[in-house]
Amino acid sequence: MKQVKKNSTFLLSILVMIIAIVWIRVGGDNLSLSNAYFYIGICLILLGICFILGQAQLFAGWFKRRDKGESKEDYAERKIDVQSVGSKKNRPLKISPFMWGCFIIGIVMIIIAVVVTL
């Protein structure tokens with residue numbers, strides 16, 4: 001089972017290629033297949049980018065201003081710790097296997113879309 005999980009991207013890419021070959025043999029429209037693969041590939045690449053940016057802690061450490069009528073002690077209590085925000089923002093990006101799979105399958109689908117139209 002672990003071997004299947006490791007090679008799931010490769011197996012899914014082969015499945016996509018087999019579907020393309022069957023579609024062409026049956027007599028389907030090459031242009032519509034190519035367009036569908038291209039759009040799906042672009043969407044998978046964008047999905048991977050969205051997941052990377054979601055884990056990047058971009059919104060950590062937004063400034064908080066002092067409210068009207070708030071004492072300095074209350075403001076000091078809810079003030080942001082600069083060290084914790086800096087450590088969150090300076091962490092390296094983590095790319096999970098799911099994200100790598102999205103990128104690889106998206107690129108393979110775009111390449112297949114280009115090859116199908118040739």
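Residue indices begin at 1 and follow the sequence shown.
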(message) Side-chain heavy atoms nearer than 4.5 Å, only ILVMFWY residues, links allowed to pass through others: does that put Phe38 and Leu46 together?
(response) yes

(message) Any non-hydrogen side-chain atom of Ile105 less than 4.5 Å from a side-chain atom of Ile40?
(response) no

(message) Grouping I, L, V, M, F, W and Y whenever their side-chain heavy atoms are under 4.5 Å apart, do Ile107 and Ile95 come out in a common cluster?
(response) yes

(request) Please name the pair of heavy atoms, one in Leu47 and one in Cys102, separated by the smallest distance, quoted to 0.1 Å. (result) CD2-SG, 3.9 Å

(request) Kindly indicate whether the side chain of Ile52, heavy atoms from C-beta on, has any atom under 4.5 Å from the side chain of Phe103. (result) yes

(message) Is there a continuous path of hydrophobic side-chain contacts, each under 4.5 Å between heavy atoms, that joins Leu31 to Ile42?
(response) no

(request) Spell out, yes or no, whether Trp100 and Ile45 are grouped together once hydrophobic residues are joined by side-chain heavy atoms under 4.5 Å, including indirect joins. (result) yes

(request) Measure across Ser34 and Val116 and return the closest heavy-atom pair with its distance rounded to 0.1 Å. (result) CB-CG1, 4.3 Å

